[in-house]
There are 2 protein chains.
Amino acid sequence: MARAATTADTFNAVAEPRRREILDALAQGERPVNELVTLLGLAQPHVSRHLRVLREVGAVVVRDEGRQRLYRLNPQALKPIHDWVASYQHLWEERFDLLEDVLEDLKEEH
Amino acid sequence: MARAATTADTFNAVAEPRRREILDALAQGERPVNELVTLLGLAQPHVSRHLRVLREVGAVVVRDEGRQRLYRLNPQALKPIHDWVASYQHLWEERFDLLEDVLEDLKEEH
DNA sequence: CCAATGCATATCCATATGGGTATACAATCG
DNA sequence: CGATTGTATACCCATATGGATATGCATTGG
């Protein structure tokens with residue numbers, strides 16, 4: 001078995017830096033493919049394929065507008081990732097918690 | 001060029017579900033490889049290799065204890081992921097913000 | 001109606017993957 | 001010291017990748 005498909009889930013889709021760039025660009029608002037091509041400095045077919053991956057995991061949605069295709073971000077798709085990392089957040093912030101505890105103890109001693 | 005190495009960064013390392021399982025297990029505390037093997041139901045060599053990937057991106061640290069190797073989580077490594085998704089959080093929560101605005105407007109009208 | 005524009009898809013290629021299995025190495029036990 | 005336990009590494013394989021490039025298709029403009 002090879003590595004899981006990039007379209008397997010948002011985690012895989014977003015592991016690719018270019019795709020994160022695309023999402024970052026779309027965070028500003030809806031954009032046609034051509035604009036993303038210019039922004040990323042990638043060949044158009046590549047951008048189209050990255051967009052396809054993002055579409056398949058639901059991270060973006062398309063809308064036809066004449067001969068253009070406008071892509072829009074679907075932020076909800078990122079929520080699972082957020083939920084997962086968020087459960088670790090207290091761990092890397094623990095030091096501050098510990099510091100607070102120490103300060104609390106010091107206060108009580110006086 | 002093929003897909004980026006899983007050891008390229010934490011995003012890639014964590015795209016693999018088994019590796020997320022490993023991190024989840026380590027969130028409970030330090031564990032020897034064998035324990036992870038049992039927990040994940042994977043072959044030992046696979047677990048060792050997943051651990052290696054996680055080590056290379058700094059998501060875990062090892063400590064030798066006799067003939068065991070105790071792995072420990074390094075939560076800091078997940079911060080970049082958190083920071084990235086967090087910047088999108090307001091977007092999927094926007095609906096609530098909008099709702100609040102509407103409610104605010106209604107209040108002011110009365 | 002034909003040309004041009006905007007995208008998507010199809011190939012070709014080198015590469016890294018994750019699973020399977022065998023094996024090497026280190027530490028401990030008797 | 002030899003056997004056992006706990007891990008890491010070495011291979012073999014099928015698969016999907018991302019980049020490159022060519023091409024197909026639809027919409028619009030002259």
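Numbered from 1 within each chain, the chains take letters A, B, ... in sequence-line order.
R49(A) comes within 4.0 angstrom of a nucleotide base, judged by non-hydrogen atoms across all strands.
Contacts of R49(B) classified as salt bridge (charged side-chain N to carboxylate O under 4.0 Å, His left out), with partners at least two apart in sequence or in another chain: none. For R3(B), there are no side chain to side chain donor-acceptor pair (under 3.5 Å) partners at least two apart in sequence or on another chain.
In terms of polar N and O atoms assigned as donor or acceptor, the side chain of H50(B) never comes within less than 3.5 Å of the base of dG18(C) in a complementary pairing.
Between Y71(A) and I22(A), every side-chain heavy-atom pair lies at or beyond the 4.5 Å cut-off. Considering only heavy atoms from C-beta on, R69(B) stays 4.5 Å or farther from L51(B) through its side chain. Counting only heavy atoms from C-beta outward, the side chains of L36(B) and L26(B) approach each other to under 4.5 Å.
You'll find that the side chain of S48(A) is closest to dT9(C), out of dT9(C), dT7(D), dG19(D). Distance from the side chain of P45(B) is smallest for dA22(C) among the nucleotides dA22(C), dA14(C), dG19(D).
Panel note: side chain Y88(B), backbone L23(A); a donor-acceptor pair is recorded below 3.5 Å. Not a single donor-acceptor pair under 3.5 Å links the side chain of N74(B) to the backbone N or O of V61(B).
Put simply, CD1 on I81(B) and NZ on K79(B) are 12.0 Å apart, with the number rounded to the nearest 0.5 Å. We find the CD-CD distance between Q28(B) and E35(B) to be 10.5 Å, quoted to the nearest 0.5 Å.
Nearest heavy-atom pair across V57(A) and A13(A) is CG2-CB, 3.7 Å.
Comparing A4(B) and H46(A), the nucleotide of DNA chain C nearest to each residue sits closer to the 5' end for H46(A). If you find the closest nucleotide of DNA chain D to N12(A) and to Q44(A), the one lying nearer the 5' end belongs to N12(A). With the nearest nucleotide of DNA chain D identified for both A2(B) and M1(A), M1(A) has the one nearer the 5' end.
For the pair Y71(B) and dA8(D), the criterion of a side-chain N or O lying under 4.0 Å from OP1 or OP2 is met. Taking 4.0 angstrom as the limit, R52(A) places a side-chain polar atom (N or O) nearer than this to OP1 or OP2 of dT9(C).
Screening residues 14-30 of chain A for salt bridge (charged side-chain N to carboxylate O under 4.0 Å, His left out), with sequence neighbours left out, gives E30(A)-R63(A).
Using a 4.0 Å cut-off on heavy atoms, none of the residues of residues 18-26 of chain A approach DNA chain C. Within residues 60-69 of chain A, the residues that have a heavy atom under 4.0 Å from DNA chain D are, in order of number, G66(A), R67(A). Contacts between residues 32-43 of chain B and DNA chain D, counted as heavy-atom distances below 4.0 Å, involve P32(B), V33(B), N34(B).
Look at CD on E56(A): it is 14 Å from C1' on dT17(D), rounded to the nearest Å. Per the geometry, CG belonging to L51(B) stands 7 Å off P belonging to dA8(D), to the nearest Å. In this entry the distance linking CG of L70(B) with P of dA27(C) reads 14 Å, nearest Å.
Surrounding CZ of R55(B) are more than 12 heavy atoms belonging to other residues, nucleotides or ligands, all under 6.0 Å away.
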